[in-house]
Amino acid sequence: MQRALSVSRDRFADWYQAVVREADMAETSPVRGAMVIKPWGWGVWEQIQGELDRRIKATGHENAYFPLFIPLSFIAKEAEHVEGFAKEMAVVTHHRLKNIDGKLVPDPDAKLEEPLVVRPTSETIIGDAFSRWIKSHRDLPLLINQWANVVRWEMRPRLFLRTTEFLWQEGHTAHATVQDAVEETHRMLEVYRAFSEDVLAMPVIAGEKPENERFPGAVNTYSIEAMMQDGKALQAGTSHFLGTHFAEAQNIKFQNDAGGMDFCNTTSWGVSTRLIGGVIMTHGDDDGLRLPPAIAPRQIVVVPMLRDKPEDAEVLAYCEHLVKALNGLTVFGQPVRALLDIKKIKSAEKRWNWVRKGAPLIVEVGPRDAAGGNVTYMRRDDLRDGDKVKSIVKPRVDFIEGAVQLLAEIQAGMYADAKARLDNNIKRDITSWDGLTAYFGDDEDSFKGWVRVAWGKPTGADLEAIGQKLKTLKLTIRNAPGDQPKEFAACIFSGKPGVEEVLIGRAY
RNA sequence: CGGAGCGUAGCGCAGCCUGGUAGCGCAUCUGGUUUGGGACCAGAGGGUCGUGUGUUCGAAUCACACCGCUCCGACCA
């Protein structure tokens, strides 16, 4: 069968790269690990930003912006934080270049007194501002978000999933009490869960990270974990309760209502352009990308069948009327995004380009449709019947009237499919280390999904040892899901009584 | 940074073993024929064969070094 993509999902890594390229999302750049995000990929990010920003503001947060450069001494203030990020930091040491023997080099006379790091995350520079902004318990809670780029010098970049520079939002909040801060941490985890499921149609499991997977400097880290089509886990968002670690390191204090001085409890939380990688690996198929309508930059693309003949004008006028009517509709609380594609390329090619890009509805209109008052359309979520592409003919009025419903139906269907995959591939009947080894050890490459097992929640060196053991199977503990049962089986690592259930799987 | 593989036209690849001066498919451009759908015919454009050094009368092909990419480790949103 002829597919729109030359690689299929059985070569998942190659397939992923093919989708990113063929859907015209992004490309590599001359700077290793840094990507160029092309208009279609950027359009998806804009939709993600727009909707998530509304939700962040709806929970009481305000946007602000902090510097890209952070004084080295700031990073050094929180011990665990330094250790966690030291190995992947870009450092600015000079502020001028000089031509020496025909070569442009950093001017030795322009060395900075104190080196600046390019932010890998902004706890420290924002904490510094917080220490000046907060005086009284009346200033709390302080709820700030920033949309920014950050840099982490990664060894093995992968477009969208792990790039040296990436885009994200990072929320930073300060609270008077532990309880307030913990509630905030959970509130934002829930915002991420709902956003991922409702908007990205990407089901996730929200839960707490084990101690060894915590954010450097956090008291607790929570994550949402999504299952990709190869069964691997993608950490799609994190929310951290930081306790008073950063407040103590940076002197973020307030005067309480009894007149005494207390340290703030702080939180931070973020999601990044990695979400786009998650959408690709959750919804893509062998014809390319499939975008959930809620984030598709173009939800309905109208392709006129033009033939360089006089009747083209009628077809175009008919299409313009159609697109105008569609753009006047509202779906998911936003105006419908419909496009009339009048590029001067062959219609058949337009169709396949939009298939690869994952536009949810592709409408083709020829002279006969125009004359009969019809449209012919394809659903990207249900593209083929065997080898044949499914084309549906409908009166134009009916299509316009049903368009919002149809987009909602596509969104819901994509979620349901992904949800079924997640639910059906969490294995719950493994009760021992041997069972785990047998399940994951037999074939490295096949689809495994995750397992959910009971454990004794060890800490310190015991946990470290388990981590090492799991590593031999390329496994990690993803999180301890929020919905825990009342009773637990024995710990699969120690055989002692279990106290918690955790998800284990391979991860990106 | 360690292990493996690969760098030949925009993309996918052949040619390399056995050195003789570069080819295929798709894409692109032009002309024509088509037209309810990924069309056909004819022609055309496009390549420092990753970079450098060496061997040789002659290197995409052999040798060495370097660079880059992909996968597997270490690191990670």
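Here the structure is a predicted model, which is why all the values come from computation and not from measurement.
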> Could you state the CE-P distance from Met202(A) to A77(B), rounded to the nearest angstrom?
Replying inline: 16 Å

>> Return the CZ to CD1 distance between Phe493(A) and Ile466(A), rounded to the nearest 0.5 Å.
In response: 5.0 Å

> How long is the span from the CZ atom in Arg193(A) to the CD1 atom in Ile205(A), to the nearest 0.5 Å?
Replying inline: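 Those atoms lie 11.5 Å apart.
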
> OP1 or OP2 of C75(B) sitting under 4.0 Å from any side-chain N/O of Lys471(A)?
Replying inline: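 Yes, Lys471(A) has a side-chain N/O under 4.0 Å of OP1/OP2 on C75(B).
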
>> Does G73(B) have its OP1 or OP2 closer than 4.0 Å to a side-chain nitrogen or oxygen of Lys474(A)?
In response: yes

>> Listing request: all ring pair (Phe, Tyr, Trp, His ring centres under 6.0 Å) pairs with a residue in residues 367-387 of chain A, at least two apart in sequence or in separate chains.
In response: Tyr377(A)-Phe399(A)

> What about Arg162(A): does its side chain form a donor-acceptor pair under 3.5 Å with the base of C76(B)?
Replying inline: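 Answer yes: a donor N or O sits under 3.5 Å from an acceptor.
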
>> In whole Å, measure the gap between the C1' atoms of C13(B) and G7(B) for me.
In response: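 Here C13(B) and G7(B) have their C1' atoms 13 Å from each other.
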
>> Nearest heavy atom decides the nucleotide; on that basis, is Arg351(A) or Thr238(A) closer to the 5' end of RNA chain B?
In response: Arg351(A)

> Under 5.5 Å between ring centres and under 30° between planes: true for Trp168(A) and the base of A77(B)?
Replying inline: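 Stacking between Trp168(A) and A77(B): absent.
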
> Between C76(B), G37(B), G38(B), which nucleotide has the shortest distance from any of its atoms to the side chain of Asp369(A)?
Replying inline: G37(B)

> Nearest to the side chain of Arg356(A) - G38(B), A77(B), C71(B)?
Replying inline: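 Nearest listed nucleotide: G38(B).
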
>> Restricting to salt bridge (charged side-chain N to carboxylate O under 4.0 Å, His left out), what partner residues turn up for Arg290(A), sequence neighbours left out?
In response: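 Salt bridge (charged side-chain N to carboxylate O under 4.0 Å, His left out) list for Arg290(A), sorted by chain: empty.
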
